[in-house]
Number of protein chains: 2
Amino acid sequence: MQYYFAMDKSYYIAALRLLQSADQVRDRLSGDFASIHGLSVNEFFFLMHLERAPLHRLSRVELAKRLHVNASTVTRMAAPMEKTGLVSRQTDDRDARLSFVVLSKAGHKKLLEANKTFTKQAGYVFQDRWKEKELEQLSNLLHRLVADAPGDLSRDDP
Amino acid sequence: MQYYFAMDKSYYIAALRLLQSADQVRDRLSGDFASIHGLSVNEFFFLMHLERAPLHRLSRVELAKRLHVNASTVTRMAAPMEKTGLVSRQTDDRDARLSFVVLSKAGHKKLLEANKTFTKQAGYVFQDRWKEKELEQLSNLLHRLVADAPGDLSRDDP
DNA sequence: GCATAATGCTTGCGTTTGCAAGCATATCGC
DNA sequence: GCGATATGCTTGCAAACGCAAGCATTATGC
């Protein structure tokens, strides 16, 4: 393959590895999430974004942007989670178009449990392959990709 | 959130950022791939795995493993790509169960074009955010996640 | 103010995908 | 060799998702 700029090959390889690594991790997570918590990986992130948002709530379009999915998908994801009580619906007095998705107490609890599974699986992936220092390097480098967006879930808890 | 082991938080954050970063990159790619080449990101990887395989061919289950999808998905992905001539079908004389997916000349050409788009989009993501040295660090660290599996697409061309 | 545009959300429809069952073929145990 | 099991692939069905259209509400231009 030919590259036009000196760093093109580096871009190419880094992006390839990023995507392949993430696929692998996501694959590992989905099994445990489904069997232990009855959640999909996307539902996990759904709850994560709410947890980190002010008042534990977000509008559906904002949630859609952060999850990189269509707004209609948020509508349809929220429905069953309302039924099981993980989230609730809230309207805005000033703007009747808005309908927030709000994380409930049960949703918060569910998220805490899922976080344990997430950490456990992340451990399986990373441990023995990286030293602490290297892992921090990796984290810091990756952070530049997500730090700009408002949907960065990895910032320190306030 | 509580962590049980010293490095748990590092695992947690690294995995979060990895998944979020990949989602973002994949999102960027999908638009151009669809409009310019008529490919999905998954179809791109589909062709990539064939390109890198001996004889430019793989069985459907092997392809499924590498793409982290169900075998039935490979069957259904291959069908339209056979029609458009990007891949062809090949049976094994010794084992009649096997049916390989083979990359065609047209598929190879399509892949070369798509690779340009891939590199361009990867450049948008990485340039100005990383120096060459940092990018290599990132690549090397991520490589440990994919190097074990037979589906590593990022090794140097033979 | 009022027509026009923009925004937020939902719904219908088609596509993509996973799961489970089924079929054909190959391998294993004896 | 031959039944039992495993493997590779495909198909029916249902769930998940994007796109486009539609409705309600708000913002904008004049």
Side-chain angles (χ1 to χ4, degrees), chain A residues 23-24 26-35 38-47 49-50 53 57-84 86-102 150, chain B residues 23 26-35 38-47 49-50 53 57-84 87-102 150:
Chain A
D23 272 358
Q24 206 171 300
R26 180 176 281 266
D27 207 37
R28 290 192 68 104
L29 286 171
S30 64
D32 270 15
F33 271 3
S35 59
L39 287 177
S40 70
V41 178
N42 261 1
E43 285 172 329
F44 170 74
F45 277 101
F46 189 106
L47 296 177
H49 281 290
L50 294 178
R57 65 175 208 181
L58 286 171
S59 76
R60 283 145 202 274
V61 289
E62 182 58 33
L63 208 37
K65 280 181 204 160
R66 300 191 183 194
L67 292 170
H68 300 284
V69 299
N70 194 279
S72 62
T73 299
V74 172
T75 294
R76 286 190 252 256
M77 282 179 78
M81 297 175 94
E82 283 177 24
K83 278 193 183 156
T84 55
L86 298 180
V87 301
S88 61
R89 178 183 295 248
Q90 210 174 75
T91 54
D92 191 328
D93 295 335
R94 306 189 184 177
D95 191 337
R97 293 171 303 180
L98 288 169
S99 98
F100 293 102
V101 185
V102 193
Chain B
D23 272 359
R26 180 175 281 265
D27 207 37
R28 290 192 68 106
L29 286 172
S30 65
D32 269 16
F33 271 4
S35 60
L39 287 177
S40 70
V41 178
N42 260 1
E43 284 172 329
F44 170 74
F45 278 100
F46 189 107
L47 297 177
H49 281 290
L50 294 179
R57 66 176 207 180
L58 286 171
S59 75
R60 283 143 201 276
V61 288
E62 182 58 33
L63 207 36
K65 278 182 204 160
R66 299 191 184 194
L67 291 169
H68 300 283
V69 299
N70 195 279
S72 63
T73 300
V74 172
T75 294
R76 286 190 254 256
M77 283 180 79
M81 298 175 95
E82 282 177 24
K83 278 191 183 157
T84 56
V87 301
S88 61
R89 179 184 294 249
Q90 210 174 73
T91 54
D92 192 327
D93 296 335
R94 307 187 184 178
D95 191 337
R97 294 171 304 179
L98 288 169
S99 97
F100 292 102
V101 185
V102 193

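The figures here come from the full heavy-atom set of this structure, side chains too, leaving out hydrogens, waters and symmetry mates.
The separation between A:Phe33 atom CZ and C:dG18 atom C1' is 19 Å, rounded to whole Å. Going from atom CZ of B:Phe46 over to atom C1' of C:dT17 covers 14 Å, rounded to whole Å. Rounded to an integer number of Å, the gap from CZ of A:Arg60 to P of C:dG8 is 13 Å. Atom NZ in B:Lys65 sits about 10 Å away from atom P in D:dC9, given to the nearest Å. Rounded to a whole Å, the CG atom of A:Asp27 is 14 Å from the P atom of C:dT17. Rounded to an integer number of Å, the gap from CG of B:Leu67 to P of C:dT16 is 15 Å. Atom pair B:Gln90:CD and D:dC9:P shows a separation of 13 Å (rounding to whole Å applied).
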Note to self: Before you tell me yes or no, could you show the steps for A:Asp95 and A:Arg97 under salt bridge (Lys or Arg N to Asp or Glu O under 4.0 Å), namely the whole-Å CA-CA distance, both residues' side-chain angles and the distance that decides it to 0.1 Å?
What the structure shows: CA-CA 5 Å; A:Asp95 191 337; A:Arg97 293 171 303 180; 2.9 Å; yes
Checklist line | Derivation and outcome, side-chain contact (heavy atoms from CB on, under 4.5 Å), residues A:Leu50 and A:Val87 | finding: CA-CA 9 Å; A:Leu50 294 178; A:Val87 301; 3.7 Å; yes
Item checked: B:Phe46 and B:Leu63: CA distance, side-chain angles, deciding distance, side-chain contact (heavy atoms from CB on, under 4.5 Å) verdict -> CA-CA 7 Å; B:Phe46 189 107; B:Leu63 207 36; 3.6 Å; yes
Margin query: Does B:Val101 form a side-chain contact (heavy atoms from CB on, under 4.5 Å) with B:Arg89? I'd like the steps, not just the answer.
Written below: CA-CA 5 Å; B:Val101 185; B:Arg89 179 184 294 249; over 6 Å; no
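Of all heavy-atom pairs spanning B:Val74 and B:Val69, the tightest one is CG2-CG2, 4.0 Å.
Formation of a donor-acceptor pair under 3.5 Å by the A:Arg60 side chain with backbone atoms of A:Ser99 is found in this model. Counting only distance, with no hydrogens or angles, the side chain of A:Ser35 and the backbone of A:Gly31 share a donor-acceptor pair below 3.5 Å. In this structure a side-chain-to-backbone donor-acceptor pair under 3.5 Å is present from A:Glu43 to A:Ser40.
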Margin query: Give the dot-bracket line for DNA chain C from 5' end to 3' end: parentheses for intra-strand Watson-Crick or G-U pairs under 3.5 Å, square brackets for crossings, | for inter-strand pairing, dots for unpaired.
Written below: ||||||||||||||||||||||||||||||
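Distance check: B:Phe100 CZ to B:Thr91 OG1 gives 9.0 Å after rounding to the nearest 0.5 Å.
For the OP1/OP2 pair of C:dT10 and a distance below 4.0 Å, the side-chain nitrogens and oxygens of A:Thr75 include at least one atom meeting the criterion.
Using a 4.0 Å cut-off on heavy atoms, the residues of residues 91-100 of chain B that approach DNA chain C are B:Arg94, B:Asp95, B:Ala96, B:Arg97, listed by number.
With a 4.5 Å cut-off on side-chain heavy atoms, B:Asn42 and B:Arg26 count as touching.
Remark: the B:Ser72 side chain and the B:Asn70 side chain contain an N/O donor-acceptor pair separated by less than 3.5 Å.
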Could you run down the sub-3.5 Å N/O contacts of the protein with nucleotides 16-20 of chain D?
residue : atom : partner : partner atom : Å
D:dC17  : OP1  : A:Asn42 : ND2          : 3.1
D:dG18  : OP2  : A:Asn70 : N            : 2.9
D:dG18  : OP2  : A:Thr73 : OG1          : 2.1
D:dG18  : O6   : A:Arg76 : NH2          : 2.8
D:dC19  : N4   : A:Ser72 : OG           : 3.0

